[in-house]
Amino acid sequence: MILPADFYHRPTLDVARDLIGKVLVRDARSTRTAGVIVEVEAYIGEDDPACHAAPGPTARNAPLYGPPGVAYVYLNYGLHALFNAVTEPEGAPAAVLIRALEPVEGLSLMRRRRSRAPWRRGKPLVPDHELCRGPGNLTCALGITLADNRRRLTAPPLSIEDRGLTAGEIEWSSRIGISVGTEHAWRCSARGHASLSGPRTRRGPSPA
DNA sequence: CGTTCGATGCACT
DNA sequence: GTGCATCGAACGT
């Protein structure tokens with residue numbers, strides 16, 4: 001079942017927590033890619049210095065002030081489209097950034113898209129658990145672009161579904177990749193998941 | 001193991 | 001002109 005707009009019409013931290021375990025689905029013509037959301041971050045209001053709404057309304061951040069259940073997609077570092085779901089009532093600028101997915105549909109297409117990135121050309125194939133690890137990587141894998149900005153998330157070709165999956169153990173931590181607003185533990189993730197972004201998780205047995 | 005840095009485009013000052 | 005809600009390779013220790 002596709003999440004209705006009301007799902008997003010709530011406090012952003014609640015939406016962030018509830019998005020863990022939901023499925024982001026990209027449906028274009030004959031191609032379909034999807035992944036289970038395992039890592040998100042909340043960006044809440046003009047008082048949050050890391051939120052794009054911090055400077056007040058501008059041309060870029062307009063979707064944050066709009067109705068909930070809409071995509072806010074912007075270009076970061078000139079290279080990466082980053083995907084957010086707008087939350088809270090209209091007029092309250094806030095969103096949840098999707099940072100990582102566990103790929104579940106269209107893995108070969110994801111791998112093709114990821115391999116086509118300039119810095120990936122001629123490199124070994126991307127392992128499954130890295131296909132959607134990181135906010136820039138998952139938009140690449142799902143083919144989400146700036147053209148999806150302001151798109152409603154309540155119908156194809158871009159939507160988030162509840163498939164009744166159990167989210168596992170949920171963990172809150174500091175948001176990463178930002179220089180301000182790190183005092184808020186507004187990053188929410190499925191603990192220990194292989195697709196989490198950020199510093200590489202320690203592999204193998206820890207020394208006794 | 002850790003830190004640095006280039007690629008690359010656009011909104012904002 | 002400056003600074004990013006990044007990525008991953010290249011370096012230093």
Side-chain angles (χ1 to χ4, degrees), chain A residues 12-13 15-16 19-20 24 35 37-66 70-88 93-101 103 110-150 172-189 194-207:
Chain A
T12 304
L13 294 178
V15 177
L19 278 175
I20 303 295
L24 178 58
I37 298 171
V38 297
E39 180 187 352
V40 301
E41 283 175 357
Y43 290 86
I44 310 174
E46 296 178 349
D47 291 335
D48 173 5
C51 181
H52 281 187
T58 67
R60 179 178 66 161
N61 67 25
L64 293 176
Y65 290 83
V70 167
Y72 171 52
V73 183
Y74 72 97
L75 191 66
N76 192 45
Y77 290 96
L79 295 167
H80 308 287
L82 268 53
F83 171 79
N84 300 255
V86 175
T87 59
E88 311 263 354
V96 175
L97 169 72
I98 310 299
R99 289 194 60 91
L101 310 174
M110 290 182 185
R111 189 168 288 108
R112 206 175 318 143
R113 286 171 171 152
R114 289 292 313 281
S115 302
R116 169 169 93 211
W119 54 87
R120 271 285 181 182
R121 231 169 287 164
K123 297 285 181 185
L125 292 182
V126 184
D128 289 357
H129 72 279
E130 291 184 13
L131 285 172
C132 300
R133 184 174 73 186
N137 285 334
L138 74 90
T139 55
C140 177
L142 268 60
I144 295 171
T145 70
L146 295 184
D148 294 301
N149 192 29
R150 296 175 176 269
W172 291 94
S173 56
S174 292
R175 295 176 294 182
I176 59 183
I178 54 176
S179 55
V180 291
T182 51
E183 67 275 16
H184 297 122
W186 287 351
R187 174 176 180 238
C188 187
S189 58
S195 290
L196 297 187
S197 65
R200 296 297 162 264
T201 55
R202 203 161 308 208
R203 277 177 297 279
S206 49

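Computed from heavy atoms alone, side chains included, the values below leave out hydrogens, waters and symmetry copies. Each chain gets a letter, A, B and so on, in the order its sequence line appears, and its residues count up from 1.
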Requested in this report: Sticking with atom C1', work out how far B/dC10 lies from C/dG8, rounded to a whole angstrom.
Outcome: 23 Å
Requested in this report: Please state how far atom NE2 in A/His80 lies from atom P in B/dG6, giving the value in whole angstrom units.
Outcome: 15 Å
Query raised in the report: Is there a side-chain polar atom (N or O) of A/Arg114 under 4.0 Å from OP1 or OP2 of C/dG8?
Result: yes
Report task. Classify the side chain of A/Asn84 versus the base of C/dA5 as yes if they form a donor-acceptor pair under 3.5 Å and no if they do not. Result -> yes
Query - Rounded distance in Å - CG (A/Asn76) to P (C/dC7) - result: 9 Å
Query raised in the report: For A/Leu146 and B/dA11, what is the distance between atoms CG and P respectively, to the nearest whole Å?
Result: 9 Å
Query - For DNA chain B, the dot-bracket pattern of Watson-Crick and G-U pairs whose distances stay under 3.5 Å, | for other-strand partners - result: |||||||.||||.
Report task. Could you tell me whether the side chain of A/Trp172 reaches within less than 4.5 Å of the side chain of A/Leu13, counting heavy atoms only? Result -> yes
Query raised in the report: Using centres under 5.5 Å plus planes under 30 degrees as the test, is A/Tyr43 stacked with C/dA5?
Result: yes
Requested in this report: Let me know the distance between CZ of A/Arg60 and P of B/dT13, rounded to the nearest Å.
Outcome: 10 Å
Query raised in the report: How long is the line joining CZ of A/Arg133 and P of C/dG8, in whole Å?
Result: 8 Å
Query raised in the report: Is there a donor N/O on one and an acceptor N/O on the other, under 3.5 Å, for the side chain of A/His52 and the base of C/dA5?
Result: yes
Side-chain donor-acceptor contacts of residues 37-46 of chain A below 3.5 Å, not counting sequence neighbours, with atom names and distances?
| residue | atom | partner | partner atom | Å |
| --- | --- | --- | --- | --- |
| A/Glu39 | OE1 | A/Ser197 | N | 2.8 |
| A/Glu39 | OE1 | A/Ser197 | OG | 3.0 |
| A/Glu39 | OE2 | A/Arg99 | NE | 3.0 |
| A/Glu39 | OE2 | A/Arg187 | NE | 2.8 |
| A/Glu39 | OE2 | A/Arg187 | NH2 | 3.0 |
| A/Glu39 | OE2 | A/Ser197 | OG | 2.8 |
| A/Glu41 | OE1 | A/Tyr43 | OH | 2.6 |
| A/Glu41 | OE2 | A/Ile176 | N | 2.9 |
| A/Glu46 | OE2 | A/Tyr65 | OH | 2.5 |

Query raised in the report: Can you check whether A/Asn137 has a side-chain N or O nearer than 4.0 Å to OP1 or OP2 of C/dC7?
Result: yes
Report task. Report yes or no: does A/Thr139 contribute a side-chain atom to a donor-acceptor pair with the main-chain N or O of A/Leu82 at less than 3.5 Å? Result -> no
Requested in this report: Assign A/Leu97 to base, sugar-phosphate, or nothing according to its heavy-atom contacts below 4.0 angstrom with the strands shown.
Outcome: base
Requested in this report: Nearest whole angstrom, please: distance from the C1' of B/dA11 to the OH of A/Tyr74.
Outcome: 12 Å
Query raised in the report: Short question: side chain of A/Asp48, backbone of A/Ala54 - any donor-acceptor pair under 3.5 Å?
Result: no
Report summary line: Shortest non-hydrogen pair, A/Leu131 vs A/Arg111, comes out as CD2-CA, 3.7 Å
Query - Length of the line joining A/Leu82:CG and C/dA5:C1', which is rounded to integer Å - result: 6 Å
Query raised in the report: Which part of the nucleic acid, if any, lies within contact of A/Gly136, taking any heavy atom under 4.0 Å across all strands shown: a base, the sugar-phosphate backbone alone, or nothing?
Result: sugar-phosphate
Query raised in the report: What's the CG-P distance between A/Leu79 and C/dA5, to the nearest Å?
Result: 14 Å
Query - Over all atoms of both residues, closest heavy-atom pair of A/Pro63 and A/Asn149 - result: CG-OD1, 3.8 Å
Query raised in the report: What pairs with A/Thr145 under side chain to side chain donor-acceptor pair (under 3.5 Å), at least two apart in sequence or on another chain?
Result: none
